[in-house]
Amino acid sequence: MYFAKEGNALTARHQGEILRIEPWGEDSLRVRATKAMSFTDEDWALTEPVKEVSANISIEAENAGADIVNGKIKAHVNAAGVVTFYKDGKKILREYYSNYFGTENKSTAALKRVNREFSGILGASEYKLTVRFEPNDGEKLYGMGQYPQAYLDIKGCTLELAQKNTQTSVPFVLSNLGYGFFWNNPAVGNATFGKNMTEWVAKSTRQMDYYITVADTPAKIIENYTGTVGRAPVMPSELLGLWQCKLRYRTQDEVLSVARKYKELGIKLDVIVIDFFHWTRQGDWQFDKKYWPDPKAMCDELHANGTRVVVSVWPSVDRKSIHFNEMYEKGYLTRTDRGSIETYDYQGDCLLIDVTNPDARKYVWDICKKNYYDYGIDIFWLDNSEPDMAVYDYDIDRYAIGPAESCSNIYPLLYAKAFYDGESEVIKENPDHLPVTNLVRSGWAGSQKYGALLWSGDIQSTFEAFRNSVVEAIQMGIAGIPWWTTDIGGFMWGNVETDEFKELLIRWYEWAVYGPILRMHGDRDPHDVPVYDTEHDYGGGYLFTGRDNELWSYGEENFKIMKKFLEKRWALKPYLEKLMKEAHETGAPIYRAMFYEFPDDPKCYDLNDQYMFGDKYLVAPILELGQTKREVYLPAGKWTNDETGEVIEGGKTITVDAPIDVIPVFTRE
């Protein structure tokens, strides 16, 4: 191993590999390795300027090892190239190494398993990369984005590094040992947080790239991390009330009739959403004039009543679309290395936009500006943004920037960027426009800086999915994405004729009040609503829709409960505005793990069914059918039960009554 100090970085060369460790803001390091002659110039998610700091670099005699120190963090590299990280002198993480030479783990020397394994891909310049770390007994790990599971502590989990409907991979991990680790690589792969080993795998990549930061609190770790990948803008205040959506408003008249009824009932409607297949064909990105004859007049009326308008945009382009031939010839669509060129087959024979191509991003934005934004559409719903695919054969697909296996996870970020860039240019000339806020079904590290409001995807209408959603909301905040929402009541298979679904809906609605966005949405059974057009297989009239999904759609008693909680939501708006400002300034989540606010309380690291809504409110959702009581852990201090007014001394677990019109919420004194 040959070490060198190159500027402010420590480099090491060993058997054709170059290792580079450099400071990346305060108390943080970026670590890269490659088998090529030099590193690529890709920073991926590490796009934000960070404070310049000077590292202390020392090399031992005869290249026996080297250290690089940046504030609280130190990395030591031994003669075999194994990196060990220390926080304030205490070991927190070490790369795994087992080989005959230079091993620090004598019991496994014969395995010849190395810390950084570059496996060549036949006929390609990329490698399959595996990076291994030794385990820390008793360590707890959090983050990684949205996975449909109920585990807050992901130690013991294997997670796919891939974007899919209901799965959003954001590879940032927060440890209770006082560090945060970000895998700065958009390649498809896996992360395994095993009891015996932690392992990160990229199926196709040019180099290893990760970032590690240390701090004394989880809040400061997240602040350091979001300072490098970017933070959300300030959410506009006028979007913090009620969002109304269903599958699907099929006509301009349907949208206006719903908005008018809300007005008649005296209920302020902040946002109404126009879902998919309002268009002629996928990839036309335009209203079907038969059912949407005057979108501008529709938007004008809605705006006059203080309601913002959302429209769904998909990245799929049907072969029969008016734009297909031009986009295909210009290389604006994703490609396949073999087999059919089709990559998406829902309601058409489609290819997907290649959003890694900046010209393709601009092309799509220009169409959407003309056909939507210029009519007064305020927000884009960037659905299927993973992107959804017919088959996830990543080894077949190819983007402008490389094989899909090497870069697919960045797709939803670049999809959001296409609209963020376009809208930002308009806003420069028209500052009265709503700041960029777009609903996106997936994301990656840094998506938040493009005004991306993520949501849980097409989840089921079950209490199990509800429980998972609470955990997902917390994990997304840890991963740096504070704008996250959910389909109240779940998306699929919610039968409006059953009492069980209505109970689920109310419990879900009560929980959503204490989050970033309050959004009614879902496909509601039974599917017995007649279609408008039975003669065609395209256009806005042929596709099915679900049952009604407005506040008044579930009976008078449930309507009363939802109105009660909507009033609570309105009262919370000033507090929400404060939280949105904090998220912008420090990356602070809206949904906060209990340990975020109480890092010195060991019990808070094990709680996955309650959370802090900002720094003030403890929220404990009801997550089981028929449940009218639940246990709640109150950390030390005084807490006021928001329903009863009772003041309780914390540091203990209590049992709380929760009839159908109550969600346990406690105010921190």
Side-chain angles (χ1 to χ4, degrees), residues 235-278 291-292 295 298-313 372 376-381 383 434 437-439 441 453 455-456 458 461 483 485-491 494 496 501-502 505-506 508-513 515-524 529 545-556 558-570 572-573 576:
M235 172 72 76
S237 175
E238 59 262 50
L239 304 182
L240 299 179
L242 177 64
W243 290 45
Q244 178 58 55
C245 185
K246 65 164 286 186
L247 185 96
R248 31 189 283 274
Y249 294 124
R250 297 170 293 171
T251 71
Q252 182 174 317
D253 287 341
E254 285 184 6
V255 168
L256 291 174
S257 65
V258 167
R260 288 164 185 165
K261 184 165 182 178
Y262 272 111
K263 183 180 179 182
E264 291 168 8
L265 293 170
I267 297 174
K268 172 69 167 65
L269 182 61
D270 279 18
V271 178
I272 194 163
V273 184
I274 300 166
D275 203 345
F276 66 168
F277 284 84
H278 60 269
Y291 302 101
W292 307 85
M298 174 187 69
C299 290
D300 288 346
E301 179 178 337
L302 293 167
H303 289 162
N305 293 323
T307 301
R308 298 291 186 168
V309 192
V310 182
V311 74
S312 175
V313 172
Y372 296 127
I377 296 298
D378 302 285
I379 297 169
F380 291 95
W381 182 357
D383 207 345
L434 185 77
T437 309
N438 290 322
L439 189 61
R441 198 169 74 182
L453 167 62
W455 92 96
S456 47
D458 295 345
S461 294
W483 293 6
T485 185
T486 180
D487 293 354
I488 292 174
F491 179 74
V496 302
F501 173 72
K502 292 175 184 177
L505 179 80
I506 292 301
W508 209 311
Y509 182 93
E510 291 168 351
W511 169 60
V513 164
I517 293 295
L518 178 67
R519 175 173 159 268
M520 291 289 289
H521 182 56
D523 182 7
R524 301 292 179 239
V529 181
T545 186
R547 289 287 196 93
D548 292 344
N549 190 49
E550 292 72 42
L551 297 189
W552 56 79
S553 303
Y554 299 97
E556 187 59 33
N558 291 323
F559 186 32
K560 288 178 182 177
I561 295 172
M562 287 192 277
K563 284 194 294 182
K564 167 187 169 180
F565 277 90
L566 184 56
E567 290 175 0
K568 289 178 180 286
R569 178 71 179 192
W570 290 335
L572 285 167
K573 277 188 71 173
L576 264 169

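Predicted model only: the values in this text are computed from it and were never measured.
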Residue pair His278 / Tyr291, side-chain heavy-atom distance below 4.5 Å: no
Minimum side-chain heavy-atom gap Ile377-Cys299 below 4.5 Å: yes
Exam field: side chain Arg308 to backbone Trp243, donor-acceptor pair closer than 3.5 Å: no
Side chain to side chain, Leu240 and Met235, heavy atoms closer than 4.5 Å: yes
Atom pair CD1/OH of Ile274 and Tyr372 - distance to nearest 0.5 Å: 9.0 Å
Over all atoms of both residues, closest heavy-atom pair of Gly522 and Arg524: CA-NH1, 3.5 Å
Atom pair CD1/CG of Ile488 and Leu518 - distance to nearest 0.5 Å: 4.5 Å
Derivation and outcome, side-chain contact (heavy atoms from CB on, under 4.5 Å), residues Leu302 and Val255: CA-CA 9 Å; Leu302 293 167; Val255 168; 4.0 Å; yes
Any donor-acceptor N/O pair, Ser461 side chain to Gly489 backbone, under 3.5 Å: yes
Stepwise side chain to side chain donor-acceptor pair (under 3.5 Å) test for Asn305 and Lys263: CA-CA 8 Å; Asn305 293 323; Lys263 183 180 179 182; 3.1 Å; yes
Minimum heavy-atom distance Cys245-Asn549, with the two atoms named: O-ND2, 3.1 Å
Reported NZ-to-CG distance for the pair Lys573 and Leu239, which is rounded to 0.5 angstrom: 8.5 Å
Within-4.5 Å side-chain heavy-atom neighbours: Leu242 and Leu551: yes
Listed partners of Asp523 passing salt bridge (Lys or Arg N to Asp or Glu O under 4.0 Å), at least two apart: none
Nearest-0.5 Å distance that lies between atom CG in Asp275 and atom CG in Asp383: 6.5 Å
Leu505 vs Val496 side-chain heavy atoms within contact, under 4.5 Å: no
Nearest-0.5 Å distance, CH2 of residue Trp483 to CG of residue Leu453: 7.5 Å
Ring centres under 6.0 angstrom apart (Phe491, His521): yes
Considering all heavy atoms, the nearest Glu254-Thr251 contact: N-OG1, 3.0 Å
All side-chain contact (heavy atoms from CB on, under 4.5 Å) counterparts of Glu550, not counting sequence neighbours: Gln244, Lys246, Tyr249, Val258, Tyr262, Asp548, Trp552, Ser553
Ionic contact status for Arg260 with Glu301, cut-off 4.0 Å: yes
Heavy-atom pair of closest approach, residues Ala259 and Leu269: CA-CD2, 4.2 Å
Residues which pass salt bridge (Lys or Arg N to Asp or Glu O under 4.0 Å) with Glu567, listed by chain and number, not counting sequence neighbours: none
Euclidean distance, Leu256 CG relative to Thr307 OG1, rounded to 0.5 Å: 10.0 Å
Donor-acceptor contact present, side-chain Asp487 to main-chain Asp458, <3.5 Å: no
Pi-cation contact, Trp381 with Arg519 (under 6.0 Å, within 45°): yes
Close side-chain approach of Phe380 to Val311, heavy-atom, < 4.5 Å: yes
N/O donor-acceptor pair under 3.5 Å between Lys563 side chain and Ile267 backbone: no
Nearest non-hydrogen partners of Tyr509 and Met520, listed with the distance: CD1-SD, 3.8 Å
